[in-house]
Amino acid sequence: MQNHLHLHSVFGDSLCDTGNNDFLSTLAKANYPPYGSDFPSGPTGRFSNGRNFADFFAEFLGLPMLPRAKDPNLTDGLGKCLSMDTQLNMFEDFVGNKLNSSFKSKEELSNYLANTIVFFYFGSNDLFATVFFQGPLAYRLYNLGIRKIIVPEVGPLGCVPAIAGVLGHCQDDVNKSAQHHNGLLARLLKSLQTTLQGSIFVLAKFFSSGLNDGSHPCCEAALKGIGVLCVPQHHACEDASKHFFWDGVHGTEIVFSFMSTGCINDTAICSPTLKEL
């Protein structure tokens, strides 16, 4: 498929991490088995058995699997995570000091950036993360030349195994909070698109994705007594494709594939779709 879209950049949390966690001082790591069980080389730092959102969108755009963005010599001010501000600083540095030199004129660079897809995934780790995507971040991207941004809803967080597995059922209060967040996010993106001329903000409707069975994650999950990450070296399920969740909070590769494909092709999930952008 010949695609007019270009650079694919991802900002967000562990649901789209391609291995940056390996360089951070944090308990949230996925650099050990059984993570990466469907990769020939084993663990890659992705919080799943295989590919995630970032990989499937890159594949659609004809790009190789996305590398880590984190430089092992770079330390973030927060120490334990790459803040959204730091991620954006890194992107601005890349555009200004590396990408800029690849074009003969500012017009060529502007045209390139206008057809760049930026994927923001946040909210699962900070439910009311709408505040992180207010003016400053959106305007910084817009002023840089970015015009096409995909921002997914948070899913039914009350149904993830770390919560539903303990209670034996989905927690409705948590899901209602997620739906409230998604409503605020939809209004915010609509307002930004109206304000920022020529911009396209796509809300990926992932809440109704069917991820409502959190009772059987593929791996045995625990993190200091909380069922979040896979227990190191423990055997995972034989067929991850039969499970929604890989660990206590992250999906299996087939779930990432299903949701990404929906945003690429299905207007009920992403409107416009990635194909239409």
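Computed from a prediction, not measured in an experiment: that's the story for all the values here.
Heavy atoms only, all atoms of each residue included: K29 and D22 are closest at NZ-O, 3.3 Å. The shortest heavy-atom contact between G158 and I163 is O-CG2, 3.8 Å. The two atoms that bring G262 and I269 nearest to each other are CA-CD1, 3.6 Å, heavy atoms only. The two residues A28 and N21 have their closest heavy-atom pair at O-CB, 3.4 Å. Residues A204 and I150 come closest through the heavy atom pair CB-CG2, 4.3 Å.
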- Message: What verdict does the side-chain contact (heavy atoms from CB on, under 4.5 Å) test give for N175 and C159, after you've listed the backbone C-alpha separation in whole Å, the side-chain angles of each residue and the deciding distance to 0.1 Å?
- Response: CA-CA 8 Å; N175 285 341; C159 295; 3.5 Å; yes
- Decide yes or no on side-chain contact (heavy atoms from CB on, under 4.5 Å) for I149 and L141, but give the supporting numbers first. CA-CA 9 Å; I149 301 174; L141 285 170; 3.9 Å; yes
- Where do F119 and S9 land on the side-chain contact (heavy atoms from CB on, under 4.5 Å) test, with the steps shown first? CA-CA 6 Å; F119 182 78; S9 298; over 6 Å; no
- Full working for side-chain contact (heavy atoms from CB on, under 4.5 Å) between F57 and L63: CA-CA 9 Å; F57 284 125; L63 300 172; over 6 Å; no
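Under the disulfide (SG to SG under 2.5 Å) criterion, C16 pairs with no residue, sequence neighbours left out.
K205 has no carboxylate O lying under 4.0 Å from a charged side-chain N of E153, or vice versa, which leaves the two without a salt bridge.
Checked by atom type and distance alone, the side chain of D17 never pairs as donor or acceptor with a backbone atom of D13 at under 3.5 Å. Distance alone, capped at 3.5 Å, places no donor-acceptor pair between the S257 side chain and the E253 backbone. E276 contributes a side-chain N or O that, together with a main-chain N or O of T273, makes up a donor-acceptor pair within less than 3.5 Å. The closest donor-acceptor contact from the side chain of N100 to the backbone of N97 lies at 3.5 Å or more, if one exists at all. Counting only distance, with no hydrogens or angles, the side chain of S101 and the backbone of K98 share a donor-acceptor pair below 3.5 Å. Proximity of a side-chain donor or acceptor of T252 to a complementary backbone N or O of S241 within less than 3.5 Å is not detected.
Around CG of L203, the count of heavy atoms belonging to other residues, nucleotides or ligands within 6.0 Å exceeds 12.
Counting only N and O atoms by type, the side chains of R46 and S48 include no donor and acceptor under 3.5 Å apart. Side-chain N/O atoms of R187 and N182 include no donor and acceptor closer than 3.5 Å.
Under the 6.0 Å cut-off for aromatic ring centres, Y112 and F103 qualify, their centroids lying closer than that. Within the 6.0 Å centre-distance limit, the rings of Y32 and Y35 are counted as a close aromatic pair. Annotation: F11 is in aromatic contact with F91 [ring centroid separation under 6.0 Å].
Rounded to the nearest 0.5 Å, atoms CG (N115) and OG (S110) are 11.5 Å apart.
Geometrically, R147 engages Y142 in a cation-pi contact, judged by NZ or CZ lying under 6.0 Å from the ring centre and within 45° of the ring axis.
Under the 30°/60° scheme for interplanar angles, the aromatic rings of F53 and F256 are found to stand perpendicular.
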